[in-house]
Structure formats: C-alpha cells, structure tokens
Amino acid sequence: MGRGSGVTVIVEGSSRTVPAGTTAAEVLNAGKDVLAARVDGRLVDLSAPVPEGAVVEAVTFLSPEGREVYRHSASHLMAQSVKRLFPRAKVSIGPAIEDGYYYDFDIEPPLTEEDLPRIEAEMARIIGEDLPVRREELSRDEAVRLFADQSETYKVEIVQELPAGQAISVYRQGEFVDLCRGPHVPSTGRIGAVKLLSLAGAYWRGDERNKMLQRVYGTSFPTREEVDAYLARLEEIKKRDHRRLGRDLDLFSIPEETGAGLVLWHPKGARVRQIIEDHWREEHRKGGYEVVYTPHMARLDLWKTSGHLDFYKENMFSPMEVEGTAYEIKPMNCPFHIMIYKSRMRSYRDLPIRWAELGTVYRYERSGVLHGLMRVRGFTQDDAHIFCRPDQVEGEIRRVLSFTLDMLAVFGFREYEIFLSTRPSEAVGEPGEWHKAEGALRAALDAAGLPYGVDEGGGAFYGPKIDIKIKDSLGRAWQCGTIQFDFNLPRRFDLFFTNDRGEREHPYMVHRALLGSLERFFGVLVEHYGGAFPAWLAPVQVRVLPVTDAQAPYAESVEKALNEREFRVESDLRSEKIGAKVRDGAMQKIPYLLVVGKREAGDGAVSVRARGGVDLGAMPLDAFMSGLEEEVRLRANETRLTARG
RNA sequence: GCCGAUGUAGCUCAACCGGUAGAGCAACUGAUUUGUAAUCAGUCGGUUGGAGGUUCGAGUCCUCUCAUCGGCUCCA
C-alpha cells in the first residue's frame, strides 16, 4: 500500500512514482483499447488502485485474458438485456468461452429464436448508454439479501456456498447487478459488436437431476467486421463437417431405415477404412502383437463375471434369449481376449502377451448424443489387450503411448490433448490399488515428457486410463486413443501365470485403442483433411479425363495401366466438355486428374492436374506413375508431384 | 434421456391468412466432340419423415411418434 504521498509501480518495465490511490487506468494512461489491467500477474479492473511496488500491465483484446474479460462483460450485457425485456427471468451463470460467451437463464415462457434479435438490439442500446461498470464488495449476508430481494434464487444459492468470511464482489451497470469475480471492462460502451448465435438447454450446475435452464450463446468482437469474419469462418467450418463430406464424397451413410447410430460404409469410405486397417495390421505385426478374432455376442454370464452387468449396464443393449440361455451383444472385446488367455497355462516367460482385434462392439447411446460418425451405436475399435507381469506394466504403457503417437502422426495428427482419467464413483477394486495404477500411468506420461490434464472420475470401471483426444473442425475434442490400466478383470476372471518361483500370480492387463474406433477416427480424419485425403489414403487417387470421345480408348488404357500398378483409378468417359470433367473431379477432391487429348494419346503421355488446380503439364505416363508411387510410399500429406514428374 | 429447432424429389431450397406441390443441380434420353471448375434440349422423379386428429379441404393447425441439427448430461 502507498505510504501517504505516493507509490512506486513498474509499468512496461520502467518504474514510476504516482500518488497513492492512483488507478490502474491512470498508471497505464489507458486508451480505449485497454480493457483491464494485470497487476502483479493478477487481472483487475482498470478502476483498481495500484499498490506499492506493483508491476502493472495493460490487458487488451489481443490477449486471451483480454478476450475473456471482454466476452465475459458481453455476457453481462446480454443478461442485462434479457432482464430488461423479460423482468421475470432469473439469471444464473454466464462465462466467457472460446470465441464467445453464454448465459443461462430460468425464464418462462422460454425464449425463442425470434427473441434473439430483440435481445441483441437491447444489447446495442446498452452499449450506446455507455453505463459505467462498477465493482462493489459485500459481505455474504449483504449479497444474499441483495439477490434475494431480486428473487435471483440461483445467485443466492451460489453466494450461500461461498465461504462466510470472504468479501463477495458484485458488478453493477445501470440497473443491473450481477455476482461476479470480475474483472470487467470499465463501461458498457467498450463492447463493440455483439451477435447472439443459438439457444440451447443446459442443466443447472451441469447436473441432469437439476432443472434445465435456457442457455443463450453469443459472441462479441471490437468491430462488426470481425463479427462478420467470425460468422464467415463458421460457414467455412461447416463445409468441413464430416457429415456433409460423407454424403458429397459418397463415403458413408446412416439411413433412418437402418437405425440411428448404425453406419453404412460406402465403397469409397470402405476403401479408406481398408487402407487404415492394412496399415494398422502391419504396424501391429511389427510391434509384437498377434491378431485375434472374437464373436459379436456372448452368454450373459460372461458379462456378469466381468462386472459389465454391474457397472456398464446402461451402455448395453438388452440381452436376448437363445434356447433358454441369455446372450448379450458385446459392448467391449476384453472378456473374449481374457477367455483366450485362460484357454491354457501361461508362464511368466510368455508375457507380455499382446492381442489385437478390430473388434466391433455395440453400445446403447442415448438418442440425444448421436453425432454422425463421431458418436454411434455400433463401432469397430482398434482394440488390444496386453497381459503382462506387474514389473512389465509401466514399460508396456510407455510403449503403447509412443505407438499411439506414432500412429496418429502417420495420419497427420500432431496436435491432441492428453488426459489422465482417474477412479469413477462406480468402480471395482480398492482405492489404494487405483492410486497405484494412476501413479503408473502418470509415470509413463512424465517419462514421455507429455503434458496432460486430469479428468477426475473419468476412468473405466476396471481401471484408470490415459485418453488422447483429437479436435474436429468445430474445435470439439473427441476421444480417440485410450490406454487403460486394469488389475481387476484378471482377478475377476481368475487369470494367472506361473512365475519364476513356480507360484501362481495374477497378470496385469492393459486395454488400449490407438485410433479409438474406426468410425470416429475416420470422421475426425475426414474433417482434418476437409475430404482432401492425401494420395496414400484417397479413395480415388487418379481420374482419367479424355478430352473427346476419340480418346476414350486411350483413357481406358491409361486406367488399366494405373490399375495394374495398384493405383485407385477411374475414368470419366462422359461426352462432357473437359471443363466440366475437371470441375467434377476437383469437387470430388481427387488428388490427380489426368487430362488426355489427342496430343497425349499420340505420345503415351498424360497431362497432370494436381489437386488445388495446379497444372503440372504433360509427362510420360511412366513418369507420373513412379512419382505417384513415391508419394504413396512416403505417405506424404500433400500432393507432391511436380512438373515433368 | 433432457431443452430448443428442423424434417417437402437423390441434393439445395420455394409454395400468402389452410384451397389440392414447384425450381436449380443430380439421374435418364438425345444432340454436341469439346484442352483444365458447369454445352444444349427433353424426360423421369413426391402418400410433403410416420401414425392419428381438426376441417368441406392440411405441406401449412393439433396430438403422438421416428429421425436429424444445436446444446446439456454421458462417452470410443
């Protein structure tokens, strides 16, 4: 604190002395673009007085923190606007999120889409009023009274849960006051342009036993142009949506007649899947795995033993009866691999045993969660189970971890999020053992030097896991790879091996999937490449386009030659103009279009047009084929042929 | 499952206050023989997601149901 006359602060690296009580805004000589201040690393309002010795920095929209302050203030603006238009609405919470903000309301009758423009217009009015945003600190009792007087029951509930002694901050702008930690922009006029995007339901406090509130999503930027650019970006992103591309490129469908969440892989989607699977098998062979096959259903008793019936029931379809015995369609592959393990005696010398299977499982997913290929009811996991001795488990986990990342890298994924998921509330086994298992996973992650978050309670019922999430085009992260430590199932099934002292001992298990499920992985892959698969994955690598019907026989001979070299190739023999054929080929995102006219037919050449509209000119067919062969061999992420092959 | 919205030709979308469903693209047929993102003409195509109801009459209004979309919850 200042000693009477003045305080010394450090602003942008240089030290200054100012009168005590000087605000951050004054110290920074803040212009309109400064939204808040960072004092000694902590975000505060511009109106906050700076203490002695403080390091003061300006926070603008250019920083993530600045955007958060800005959007959070915009959410208050929205709440104020809603309260003006719908005085009986109760507010709850309204944080900034990536690219925007939301606010949850309890409001009767519910808002409709038509209300959004009205709310937006009122927000614009409040911006015009340029109301000062003021922080006040209250005791808990005062805060409870304040919000109780306004019948803001949700706010009262939040305040009552805050510690009694602690001062509680509220922010007031005009007639609107909201419980908030802050900081906020100094006045409502600082918000430039706002846009409300959508309405959605959201449970109070995220708990489905609570009342469902109405959530309004919006975004805000300093200028209208930036809002428009953001909306345009959303439109662009939609074009990468795997559901749209799946239809446009004829990759898959999920017809209502088949059933929700049940995927039909069309020939072109199936080709890509097959390439993924072939690569997967080859890598597993090299990585010391054996492939196994198991059935799609098993007796219900098996799922009793495994614990699925106790801990996984809500994700399983109902059992069916066969000759008086109940059978269950499989939600997981592990019990089958366990039964293979049990089929004979195992020595410590046999371990680790690594068994992999592209195992198709069926899980009951609630109707509201289904989403294209990303969330389905029948899917094929690239599953494997490793049975090992306790002393091997950490090494095996590390090995799987690097295997996963290598596999993802081949498909062009170098960015992902890793989470350690710990014991869920419903789980088998002792907490102490869980703790040990979590430690082993943590050690493997640390050894690999990988940053990770912790998902408390996100583990499988039989053990903790490491999850690897990949982001889709909308920035939604999807869990793909997973590595799960399991000391429980071996015990439940009474698995053992004979150790080097001749005693029976339980093995440990590692459940793992590298890609997760082929459906989800393919969905993410489609979006990742926007449907423009690299040549090694593309369902059609080459399309031959004769300029006129006269070159049809030559085109067919080119197609045949390519086919014999095992390229995925087709010809467009329609009597269309070459421009139309090029356009159609481009829209199918085919890596290479070969234009063959009179000239090419004459000298055994092809005119190569690479994806993206790059005309590589004419080259001998052989040169094209060796170039493409190389590109495929390298699993190159981009088309890489150049002029003259 | 929950909240909200939406289902019209294969796709993208029209159809006033309830008055008897239409366009472009695709497909098909024919003409055209084309040199790097759409050649022309014609033809076909619909129990308006499904089932009930209101009405003289329903794509339009009501109820139920299925699916999809955006979220929430849950998950590979």
Side-chain angles (χ1 to χ4, degrees), chain A residues 102 104 110-114 197-217 238 241 243-244 247-248 250 253-261 312 314-315 331-332 361 363-377 379-383 421 424 455 458 460 465 467-470 474 476 478-482 484 511 513-521 523-524 545-552 574-587 593-600 607-610 613-618:
Chain A
Y102 66 78
D104 287 349
L111 297 171
T112 67
E113 300 277 347
E114 289 77 57
L197 300 169
S198 59
L199 280 174
Y203 298 107
W204 166 235
R205 304 209 140 167
D207 188 329
E208 64 179 326
R209 288 166 303 193
N210 288 341
K211 179 162 188 182
M212 181 157 276
L213 307 177
Q214 235 186 341
R215 176 169 296 179
V216 183
Y217 283 92
K238 268 193 200 155
D241 191 311
R243 292 165 297 186
R244 163 179 282 275
R247 191 180 51 227
D248 291 351
D250 199 12
S253 61
I254 307 176
E256 190 175 338
E257 294 86 338
T258 315
Y312 207 70
E314 69 276 16
N315 281 296
M332 291 193 194
V361 299
R363 297 183 184 174
Y364 168 67
E365 298 285 355
R366 301 201 282 182
S367 58
V369 307
L370 300 174
H371 180 92
L373 292 178
M374 305 298 202
R375 193 80 181 269
V376 294
R377 286 182 174 155
F379 56 98
T380 301
Q381 293 182 304
D382 69 315
D383 208 358
S421 300
D455 180 3
K465 56 181 184 165
D467 289 330
I468 293 139
K469 299 187 181 187
I470 310 178
L474 296 167
R476 293 181 283 214
W478 293 97
Q479 182 179 326
C480 291
T482 181
Q484 310 177 345
H511 308 236
L514 310 185
L515 309 176
S517 82
L518 288 165
E519 284 75 8
R520 178 176 291 180
F521 184 75
V524 175
L545 316 178
V547 175
T548 75
D549 289 351
Q551 286 88 45
R574 295 172 304 164
S575 60
E576 279 289 353
K577 291 170 74 168
I578 191 68
K581 295 185 189 182
V582 166
R583 178 171 187 272
D584 290 342
M587 289 203 308
L593 300 176
L594 302 185
V595 176
V596 295
K598 206 168 167 187
R599 294 197 294 271
E600 289 80 4
S607 264
V608 183
R609 184 189 162 102
V614 189
D615 188 352
L616 303 179

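In this text the structure is predicted, and so the values were computed from the model without any measurement.
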In whole angstroms, how far is the [atom2] atom of [N] from the [atom1] atom of [X]?
X        : N     : atom1 : atom2 : result
A/Asp104 : B/G4  : CG    : P     : 15 Å
A/Glu113 : B/C69 : CD    : P     : 16 Å
A/Glu257 : B/U65 : CD    : C1'   : 16 Å
A/Lys211 : B/G4  : NZ    : P     : 11 Å
A/Glu256 : B/G10 : CD    : C1'   : 16 Å
A/Glu114 : B/G4  : CD    : C1'   : 11 Å

Are [X] and [Y] close enough that some pair of their side-chain heavy atoms sits under 4.5 Å apart?
X        : Y        : value
A/Cys480 : A/Leu515 : no
A/Arg520 : A/Leu373 : no
A/Arg377 : A/Leu370 : yes
A/Glu519 : A/Arg375 : no
A/Val582 : A/Ile578 : yes
A/Arg215 : A/Leu199 : no

When you compare [N] with [M], how far apart are their [atom1] atoms, in angstrom units rounded to a whole number?
N     : M     : atom1 : result
B/C56 : B/G71 : C1'   : 44 Å
B/C75 : B/A37 : C1'   : 42 Å
B/C25 : B/A41 : P     : 9 Å
B/G45 : B/U55 : C1'   : 31 Å
B/A67 : B/U20 : P     : 34 Å
B/A23 : B/C64 : C1'   : 34 Å
B/G4  : B/C11 : P     : 28 Å
B/G35 : B/U29 : P     : 25 Å

Below 3.5 Å is the cut-off: list the nitrogen or oxygen pairs between protein and nucleotides 72-76 of chain B, distance only.
from: B/C72; atom 1: O4'; to: A/Gly201; atom 2: O; distance (Å): 3.1
from: B/C72; atom 1: O2'; to: A/Tyr203; atom 2: N; distance (Å): 3.1
from: B/U73; atom 1: O2'; to: A/Glu208; atom 2: OE2; distance (Å): 3.1
from: B/U73; atom 1: O2; to: A/Arg366; atom 2: NH2; distance (Å): 2.8
from: B/C74; atom 1: O2; to: A/Arg375; atom 2: NH1; distance (Å): 3.2
from: B/C74; atom 1: O2; to: A/Arg375; atom 2: NH2; distance (Å): 2.2
from: B/C74; atom 1: N3; to: A/Arg375; atom 2: NH1; distance (Å): 2.9
from: B/C75; atom 1: O2; to: A/Arg375; atom 2: NE; distance (Å): 3.4
from: B/C75; atom 1: O2; to: A/Arg520; atom 2: NH2; distance (Å): 3.2
from: B/A76; atom 1: OP1; to: A/Lys465; atom 2: NZ; distance (Å): 2.9
from: B/A76; atom 1: OP2; to: A/Lys465; atom 2: NZ; distance (Å): 2.8
from: B/A76; atom 1: OP2; to: A/Gln479; atom 2: OE1; distance (Å): 3.1
from: B/A76; atom 1: OP2; to: A/Gln479; atom 2: NE2; distance (Å): 3.4
from: B/A76; atom 1: O3'; to: A/Gln479; atom 2: O; distance (Å): 2.8
from: B/A76; atom 1: O3'; to: A/Gln479; atom 2: NE2; distance (Å): 2.8
from: B/A76; atom 1: O3'; to: A/Cys480; atom 2: O; distance (Å): 3.2
from: B/A76; atom 1: O2'; to: A/Gln479; atom 2: O; distance (Å): 2.4
from: B/A76; atom 1: O2'; to: A/Arg520; atom 2: NH1; distance (Å): 3.0
from: B/A76; atom 1: N6; to: A/Glu365; atom 2: OE2; distance (Å): 3.3
from: B/A76; atom 1: N6; to: A/Val376; atom 2: N; distance (Å): 3.4
from: B/A76; atom 1: N6; to: A/Val376; atom 2: O; distance (Å): 2.5
from: B/A76; atom 1: N1; to: A/Val376; atom 2: N; distance (Å): 3.3
from: B/A76; atom 1: N3; to: A/Ser517; atom 2: OG; distance (Å): 3.2

One thing to verify: whether A/Asp455 and A/Lys465 come together as a salt bridge, which I'm taking to mean a side-chain N less than 4.0 angstrom from a carboxylate O.
no
Partner nucleotide of B/U8 by Watson-Crick or wobble geometry (both distances under 3.5 Å):
none
Paired with B/U39 by Watson-Crick or G-U wobble geometry, both distances under 3.5 Å: which nucleotide is it?
B/A31
Pairs: protein N or O with nucleotides 12-16 of chain B N or O, under 3.5 Å:
from: B/U12; atom 1: OP1; to: A/Arg247; atom 2: NH2; distance (Å): 3.3

Encode nucleotides 33-45 of chain B as B, S and - characters from 5' to 3', where the letter depends on protein heavy atoms closer than 4.0 Å: B to the base, S only to sugar-phosphate, - to neither.
BBBBBBB------
Determine whether the side chains of A/Ser421 and A/Asp467 contain a donor N or O and an acceptor N or O closer than 3.5 Å.
yes
A/Ser607 versus A/Glu600, side-chain donor and acceptor atoms under 3.5 Å:
yes
Checking A/Arg363 against A/Tyr312 for the side-chain hydrogen bond (donor to acceptor under 3.5 Å, both in side chains) test, could you report, in this order, the C-alpha distance in whole Å, the side-chain angles of both residues, the deciding distance, and whether it holds?
CA-CA 10 Å; A/Arg363 297 183 184 174; A/Tyr312 207 70; 3.1 Å; yes
In terms of heavy-atom contacts, A/Leu545 and A/Leu593 come closest through CD1-CB, 4.1 Å
In Å, rounded to the nearest 0.5 Å, how long is the span from CG of A/Leu594 to CZ of A/Arg609?
12.0 Å
